[in-house]
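Letters A, B, ... are given to chains in the order of the sequence lines, protein chains preceding strands, and every chain is numbered from 1.
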2 protein chains.
Amino acid sequence: MPFAVTVDLVVFTIRDEQLCVLAVRRGVPPYRGRWALPGGFVGEEERLLDAAKRELVEETGLDDASAHLEQLATYGDPRRDPRLRVVSVAYLAFAAALPEPAAGADAADARWHPAARLLADRKRLAFDHGAILEDGLERARAKLEYSPLATAFCAEEFTVAELRQVYEVVWGARLDPRNFHRKVTGADGFLVPIGRQTTRNGGRPAQLYRRGAATLLNPPITR
Amino acid sequence: MPFAVTVDLVVFTIRDEQLCVLAVRRGVPPYRGRWALPGGFVGEEERLLDAAKRELVEETGLDDASAHLEQLATYGDPRRDPRLRVVSVAYLAFAAALPEPAAGADAADARWHPAARLLADRKRLAFDHGAILEDGLERARAKLEYSPLATAFCAEEFTVAELRQVYEVVWGARLDPRNFHRKVTGADGFLVPIGRQTTRNGGRPAQLYRRGAATLLNPPITR
DNA sequence: GCAAAAGTGTTACGAGTACACCCATGT
DNA sequence: ACATGGGTGTACTCGTAACACTTTTGC
């Protein structure tokens with residue numbers, strides 16, 4: 001049975017206070033002119049995660065360690081690609097803000113799109129990528145609660161307010177800055193203060209933090 | 001690139017107050033004599049979920065609606081099967097207690113194994129099935145908290161105490177019967193009383209329930 | 001009556017929320 | 001001085017844990 005196996009990437013970042021996802025415009029049929037999630041075939045001797053990493057580097061220039069990458073789900077309907085039977089393993093990536101072009105080696109037109117707008121008008125997406133994006137968004141929202149993943153959207157050094165903005169943008173909700181501050185600084189291993197401050201957001205100088213070693217947030221940050 | 005695509009099943013049930021998983025003994029190399037998760041190739045025109053359903057019926061005789069089935073994760077290391085490149089989409093299934101033979105059409109020797117024992121001695125498992133089982137167990141434990149999935153381990157009509165036993169076995173922890181009772185009967189849409197009672201567990205007669213329509217437990221049942 | 005399991009009431013504690021208040025900077 | 005964002009203190013609320021207690025069966 002001849003199956004093709006690909007990886008597709010849902011790469012999220014935050015730009016202009018919006019949750020954005022990377023998409024590339026298709027230059028060839030099928031779905032010519034539509035937007036598609038970046039992805040590609042898995043090499044014969046390549047692990048799935050390695051294929052996802054390779055695509056991420058090709059599309060964003062992000063080096064291996066600077067973005068979070070995890071398997072999302074696998075999509076394999078017989079008719080999802082009209083040309084041949086393709087089973088696609090989708091990966092979810094979170095990255096700090098990147099330059100707009102997001103220009104990789106690829107000549108293709110790659111762009112950041114506000115995730116909400118792309119989902120609201122799913123016909124602009126090729127294949128079943130609307131469903132993949134929806135699953136990715138739901139997973140991202142859920143993971144912020146109980147994992148320290150929000151830090152993957154921040155620069156290496158960040159303030160509590162910057163981290164709070166990540167939560168607010170992904171969840172589409174306002175959070176109380178004071179209670180949020182207590183929660184995240186109190187969560188064991190979530191944040192480590194680096195001892196320096198910044199005034200880049202105006203007002204009183206804010207402590208700078210790096211992400212800590214925790215992999216699970218206890219107690220969780222609630223929506 | 002010639003990939004084979006399979007589905008593998010992690011089928012959990014509860015027998016003798018233990019969480020058990022279905023495994024079949026391999027009769028041919030590689031890993032001859034070892035235990036493997038039930039599974040098989042995906043048909044050319046078959047959806048992944050349909051392939052998982054088909055395997056579930058073949059191995060357990062469970063009809064479609066009577067067990068919960070969900071995608072777990074996908075495993076595709078180049079060397080996971082020494083014969084050819086196989087990408088396997090693993091599914092997780094929860095079933096009420098079934099007869100031991102679990103005999104399907106297959107002539108193979110299929111058996112229920114206590115999950116903990118099989119995991120403690122992973123060399124008895126073929127391929128990367130130890131890792132798959134571990135992921136499945138972790139997912140099952142997590143899902144009990146915030147989803148009404150525990151009911152999938154029960155018969156159609158069950159008592160609160162029987163449901164509690166599911167939680168205690170999967171989590172390996174004792175729960176307070178009185179607080180548990182209040183929590184689950186109070187969770188909206190989790191349980192619907194059918195108005196009859198049973199004394200099959202001894203003592204004072206207990207209300208019988210069916211699973212309700214809820215898909216998410218709020219508040220969750222905590223470990 | 002006694003054991004065993006089902007189910008209810010009550011109290012104490014701890015996390016989450018709302019919000020008043022103080023702090024440190026730029027202009 | 002005052003605007004702006006950073007951070008702390010505190011009272012109230014609500015879900016949970018712990019456990020005493022009552023109910024209804026079988027033997």
Report, one pair per line, the protein and nucleotides 24-27 of chain D atoms (nitrogen or oxygen only) whose separation is under 3.5 Å.
| residue | atom | partner | partner atom | Å |
| --- | --- | --- | --- | --- |
| D:dT24 | O2 | B:Arg204 | N | 3.4 |

Working to the nearest 0.5 angstrom, can you tell me the gap between [X] [atom1] and [Y] [atom2]?
X        : Y        : atom1 : atom2 : value
A:His129 : A:Leu118 : NE2   : CG    : 11.5 Å
B:Arg210 : B:Glu157 : CZ    : CD    : 4.5 Å
A:Leu92  : A:Leu133 : CG    : CG    : 10.0 Å
B:Trp112 : B:Thr13  : CH2   : OG1   : 5.0 Å

Can you tell if the side chain of A:Tyr91 reaches within under 4.5 Å of the side chain of A:Leu72, non-hydrogen atoms only?
-> no
Note: chain A reaches DNA chain C at heavy-atom distances under 4.0 Å over the stretch, first to last nt, 5' to 3', of C:dG16 to C:dT25
Contacts of type side-chain contact (heavy atoms from CB on, under 4.5 Å), residue B:Glu162, not counting sequence neighbours = B:Phe158, B:Thr159, B:Arg200, B:Asn201
Residues in salt bridge (Lys or Arg N to Asp or Glu O under 4.0 Å) contact with B:Arg141, at least two apart in sequence or another chain | none
Residues, nucleotides or ligands: over 12 heavy atoms within 6.0 Å of B:Asp188 CG = no
Sequence-aligned protein contact record of nucleotides 11-19 of chain D, with B where the base is within under 4.0 Å of a protein heavy atom and S where only the sugar-phosphate is | -----SBBB
Pair B:Asp8 + B:Arg80: basic N to acidic O under 4.0 Å | yes
Would A:Val160 and A:Gln207 count as a side-chain contact (heavy atoms from CB on, under 4.5 Å) if you check the C-alpha gap in whole Å, the side-chain angles of each, and the deciding distance to 0.1 Å?
-> CA-CA 8 Å; A:Val160 171; A:Gln207 272 296 327; over 6 Å; no
Residue pair A:Ile132, A:Phe127: steps toward the side-chain contact (heavy atoms from CB on, under 4.5 Å) verdict | CA-CA 10 Å; A:Ile132 300 178; A:Phe127 307 107; over 6 Å; no
What's the verdict on side-chain contact (heavy atoms from CB on, under 4.5 Å) for B:Asp109 and B:Trp35, showing C-alpha distance, side-chain angles and the deciding distance?
-> CA-CA 9 Å; B:Asp109 181 12; B:Trp35 294 94; 3.9 Å; yes
Within residues 145-173 of chain B, the residues having a heavy atom closer than 4.0 Å to DNA chain C are B:Ala161, B:Arg164
In whole angstroms, how far is the C1' atom of D:dG5 from the CZ atom of A:Arg174?
-> 13 Å
Nearest-Å distance, NE2 (A:His181) to P (D:dG6)?
-> 9 Å
Exercise: do A:Asp135 and A:Tyr75 side chains pair donor with acceptor under 3.5 Å | yes
